[in-house]
Student: 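The structure is given below, and queries will be raised subsequently.
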Amino acid sequence: MVKELGNIFGNKSQFAIEAKLWQLDENPIFISWCLWIRGDMVGDIEQRALLSAEMARISKVTKHKGERHIPSVEMAANNLTDKLVDAIWGDDYHYMQYPFSAYVDILSQHGECFQGYFVFLVEQKGYEWLLAKDNVENNYYDIKLSAGMIYSYFEEFSAWIADSTMLTIRTEKALITNE
């Protein structure tokens, strides 16, 4: 028996998180998810991963809320994205003229970018700036949203996962006692 559940958090024409959970019989739960920035998919909604492996990546976003501030930036989104890629992934910090937090890289995990995309979240006064770059095609994506919006969608996403899933011990493998 296959169980599936899907949801979209936000508006795909601005910013959204799309996710699908699925499970075959009592096997582990898998997730496929992506971001939508101005109508463009960032990630691959068909790429599946173990939910338990993705939870650290997902929870990292809200865990470091307030720790992604970069002073006001007067440069195009593409230029800032490239400078962040060089500074974080290329260890070339001299490109950044101001201090920044490594937490701006929100979806990389274990030395791998998110499904072939570099994704950064920069907090500025009054807004959040989401920047992404396709590591293969070199396409750029960005959107500025009111402060707290991106975090609220990730919080809804995390709550939905928690509400939709639970960890249980399989009855056929457990020692059952009357204690």
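Below, each value reflects all heavy atoms present in this structure, side chains not excepted, and no hydrogens, waters or symmetry copies.
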Student: Output all residues satisfying side-chain contact (heavy atoms from CB on, under 4.5 Å) with V136, sequence neighbours left out; order by chain, then residue number.
Tutor: D134
Student: For a 4.5 angstrom cut-off between non-hydrogen side-chain atoms, does I106 reach R68?
Tutor: yes
Student: Report whether L35 and F157 are members of the same hydrophobic cluster (ILVMFWY, side-chain heavy atoms less than 4.5 Å apart, transitive linking).
Tutor: yes
Student: Would you say F114 and L80 are hydrophobically clustered, going by side-chain heavy atoms of ILVMFWY under 4.5 Å?
Tutor: no
Student: Please round to the nearest 0.5 Å and tell me the distance separating atom CD1 of I37 and atom CD of Q14.
Tutor: 12.0 Å
Student: Find out whether E54 and R48 are in side-chain contact, i.e. whether some heavy atom of one side chain is under 4.5 Å from a heavy atom of the other.
Tutor: no
Student: Is there a path of hydrophobic side-chain contacts, each under 4.5 Å between heavy atoms of I/L/V/M/F/W/Y residues, joining L121 to I143?
Tutor: yes
Student: Hey, what's the ring geometry for F154 with W33, parallel, tilted or perpendicular (30° and 60° as the breaks)?
Tutor: perpendicular
Student: Could you note down all residue pairs passing salt bridge (Lys or Arg N to Asp or Glu O under 4.0 Å) where residues 9-19 supplies at least one of them, sequence neighbours left out?
Tutor: K12-E18
Student: Decide side chain to side chain contact (heavy atoms under 4.5 Å, CB included) for V119 and L130; before the verdict, give the C-alpha distance in whole Å, the side-chain angles of both, and the deciding distance to 0.1 Å.
Tutor: CA-CA 7 Å; V119 182; L130 188 67; 3.9 Å; yes
Student: How long is the span from the NZ atom in K133 to the CG atom in N139, to the nearest 0.5 Å?
Tutor: 10.0 Å
Student: If you group Ile, Leu, Val, Met, Phe, Trp and Tyr by side-chain heavy-atom gaps below 4.5 Å, do W36 and I45 land in one group?
Tutor: yes
Student: Sub-3.5 Å donor-acceptor pair from the side chain of D25 to the main-chain atoms of N27, do we have one?
Tutor: no
Student: Quick one, F30 and L50 - any side-chain contact, counting heavy atoms below 4.5 Å?
Tutor: yes
Student: Measure the shortest side-chain to side-chain distance between M55 and I161 over non-hydrogen atoms and say whether it is less than 4.5 angstrom.
Tutor: yes
Student: As an exercise, state the distance from CD of E156 to CG of D163, rounded to the nearest 0.5 Å.
Tutor: 12.5 Å
Student: Please say yes or no: joined through hydrophobic side-chain contacts below 4.5 Å, possibly via intermediate residues, are I31 and W22 part of one cluster?
Tutor: no
Student: What pair of heavy atoms forms the shortest contact from Y151 to H64, and how long is it?
Tutor: OH-O, 4.1 Å
Student: If you apply the rule side chain to side chain contact (heavy atoms under 4.5 Å, CB included), what do you find for K83 with M75, and how did you get there?
Tutor: CA-CA 10 Å; K83 290 188 182 304; M75 82 176 58; 3.8 Å; yes
Student: Can you tell me how far CZ of R38 sits from CG of N11, rounded to the nearest 0.5 angstrom?
Tutor: 12.5 Å
Student: Any idea which heavy atoms bring G10 and A16 closest together, and the distance?
Tutor: C-CB, 3.8 Å
Student: Any side-chain heavy atom of T165 sitting closer than 4.5 Å to one from L5?
Tutor: no
Student: Working to the nearest 0.5 Å, report the span between CG of L21 and OG of S32.
Tutor: 8.0 Å
Student: Restricting to non-hydrogen atoms, name the atom on E123 and the atom on E67 that form the minimum distance, rounded to 0.1 Å.
Tutor: OE1-N, 3.4 Å
Student: Less than 4.5 Å apart, side chain to side chain, heavy atoms only: is that true for V122 and L131?
Tutor: yes
Student: Of all the heavy-atom pairs spanning W160 and A19, show the shortest one and how long it is.
Tutor: CZ3-CB, 3.8 Å
Student: To the nearest 0.5 Å, what is the distance between OH on Y153 and CZ on F15?
Tutor: 8.0 Å
Student: In the structure I gave you, are the side-chain heavy atoms of V61 and L107 within less than 4.5 Å of one another anywhere?
Tutor: yes
Student: If you define the side chain from C-beta out and look only at heavy atoms, does anything of F120 sit under 4.5 Å from V85?
Tutor: yes
